[in-house]
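First comes the structure, then the notes that go with it.
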Amino acid sequence: MCMLACLRVSCERDKGVEEEMQRLKIKDLTELYAVCLHHHLDSISSFKSETEVEEPEVDTAVPFRQKPFCKYSGHTADLLDLSWSKNYFLLSSSMDKTVLWHISRRECLDCFQHVDFVTAITFHPRDDRYFLSGSLDGKLRLWNIPEKKVALWNEVDGSTKLITAANFCQNGRFAVIGTYDGRCIFYETEHLKYFTQIHVRSTRGRNRVGRKITGIEPFSAESKVLVTSNDSRIRLYDLRDLSLSIKYKGCLNNSSQIRAGFSHDCQYIISGSEDRYIYLWKTYHDVTRFSSVRRDRNDFWEGIKGMEELLPYGIAQSRTK
């Protein structure tokens, strides 16, 4: 299971990074990034011993620890998105800035300033020296972390340019962003050039006008993408012809930043909801069991009562021996 971190919005950036770089005789962020990357296992061990408190024996069937593994402080405004890399780096975006962390360090490694709120961030799936950021200024940026600069950028066309979601698909071949007016726009990652777009909306009714895109998740097993939007619908699109494969109904998502996701084997879809339930669907339901069921609709869900607060996101845990 992926290591968990709780982020506290509390104080300004610590000076620990500069002191650590001086102690290790590291000149710039590129060298510090390499140190974290190549020696993160040893660092995690020492970090764990310094931060963890011994706990009594607990039921191993419980998936989450009673206490957080660690806490990070640095943001001065509300958090908007998080992204983990395969090498234990963590990006956090907020209303103040985007911050890079590593599980082996107490303090942040660096900050990446934007003109406006950063609503979406994600690491490149094959090379975590790069990450994608989407902002309310309508610009999509591909950042080079070691060089601490924007490698490529593009701007959303149209009257409504607000970016509300972002991700990579097809193993990093395309960068995808969602907009406030219900568009999913695809860019070729290599040059961040416009490729195509999907208008996420219904053909009739009140949802024929596009609503805000709140989540984009690639379907790793197939050439498809899962899109969550503020019309209480989750849609699975086929990227080969941009057609709608299945529409999932059941959860309530009219105004929140709720994002649906896949289970580890992509057999199930899980989503939070404004009614404080967790919703589960089979990605492909068995249509042969019903005589009058459309293949492109999935209204068969299971709901689990959650917490008293709104549930914006759910993750299905993989089984481990």
Side-chain angles (χ1 to χ4, degrees), residues 2-21 29 32-33 36 40 43-44 47-48 50-52 64-65 67-85 87-124 128-150 153 162-167 177-178 180 212 214-215 255-259 272 307 309-313 315:
C2 183
M3 296 185 180
L4 301 177
C6 288
L7 299 176
R8 291 183 307 184
V9 179
S10 56
C11 62
E12 295 182 355
R13 182 186 178 192
D14 197 344
K15 294 182 179 179
V17 171
E18 287 80 3
E19 295 175 355
E20 185 73 359
M21 290 174 67
L29 181 62
L32 181 60
Y33 185 88
C36 289
H40 69 272
S43 300
I44 288 173
F47 180 80
K48 181 177 179 180
E50 293 175 2
T51 58
E52 282 195 317
F64 300 112
R65 299 167 58 92
K67 295 182 179 180
F69 177 79
C70 58
K71 296 180 180 180
Y72 296 124
S73 301
H75 286 291
T76 57
D78 292 346
L79 294 173
L80 300 177
D81 201 7
L82 296 172
S83 179
W84 281 100
S85 83
N87 290 305
Y88 299 105
F89 287 94
L90 174 66
L91 281 169
S92 59
S93 69
S94 76
M95 293 182 178
D96 57 359
K97 56 196 170 187
T98 295
V99 175
L100 175 69
W101 314 83
H102 191 268
I103 195 68
S104 65
R105 307 276 171 170
R106 294 174 182 267
E107 60 283 320
C108 68
L109 297 180
D110 218 310
C111 300
F112 301 86
Q113 297 290 348
H114 290 70
V115 177
D116 210 331
F117 297 163
V118 182
T119 54
I121 49 172
T122 183
F123 277 103
H124 192 285
D128 60 4
R129 294 175 301 171
Y130 297 89
F131 75 90
L132 194 68
S133 70
S135 175
L136 292 184
D137 64 359
K139 290 184 178 180
L140 178 69
R141 298 173 174 89
L142 183 65
W143 290 82
N144 183 317
I145 295 176
E147 296 183 9
K148 197 185 174 183
K149 69 177 184 180
V150 177
W153 67 275
L162 304 180
I163 297 175
T164 56
N167 213 332
I177 60 104
Y180 187 82
K212 181 177 72 171
T214 59
S255 59
S256 304
Q257 196 71 15
I258 292 173
R259 179 172 60 193
M307 303 171 64
E309 293 82 8
L310 172 68
L311 295 169
Y313 189 51
I315 300 176

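What you see below is based on every heavy atom in this structure, not just the backbone, and it leaves out hydrogens, waters and symmetry mates. If you read the sequence from its start, that first residue is 1, and numbering goes on from there.
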T119: partners by side-chain hydrogen bond (donor to acceptor under 3.5 Å, both in side chains), with sequence neighbours left out = none

inquiry  = Using the side-chain hydrogen bond (donor to acceptor under 3.5 Å, both in side chains) criterion, which residues pair with H114? Sequence neighbours excluded.
reply    = S133, W143

query = So, do W84 and F89 sit near enough that their side-chain heavy atoms are less than 4.5 Å apart?
reply = no

key: Contacts of type side chain to side chain contact (heavy atoms under 4.5 Å, CB included), residue F117, not counting sequence neighbours   = L80, M95, L136

task = Enter the distance from C70:SG to L90:CG here, rounded to the nearest 0.5 Å.
result = 8.5 Å

query = Do the side chain of S256 and the main chain of I258 share a donor and acceptor less than 3.5 angstrom apart?
reply = no

inquiry  = Donor-acceptor pair, distance only, cut-off 3.5 Å: does the side chain of S93 make one with the backbone of A120?
reply    = no

ask   = Checking side-chain contact (heavy atoms from CB on, under 4.5 Å) against S92, which of D81, L100, L82 comes through?
value = L82

key: Side-chain heavy atoms of W153 within contact of L140, under 4.5 Å   = no

task = Please check if the distance between the ring centroids of F112 and F131 is under 6.0 Å.
result = yes

task = Indicate yes or no: at least one non-hydrogen side-chain atom of L132 is less than 4.5 angstrom from one of H124.
result = no

task = Answer whether the closest heavy-atom distance between the side chains of Y130 and D128 falls below 4.5 Å.
result = no

Lys/Arg N to Asp/Glu carboxylate O, E107 vs R105, below 4.0 Å = no

request  = Apply side-chain hydrogen bond (donor to acceptor under 3.5 Å, both in side chains) to D116 and list each qualifying residue two or more places apart in sequence or on a separate chain.
outcome  = none

task = Without swapping roles, check the side chain of H75 against the backbone of T98 for a donor-acceptor pair under 3.5 Å.
result = no

query = What residues, two or more places apart in sequence or in another chain, satisfy side-chain hydrogen bond (donor to acceptor under 3.5 Å, both in side chains) together with S135?
reply = D137

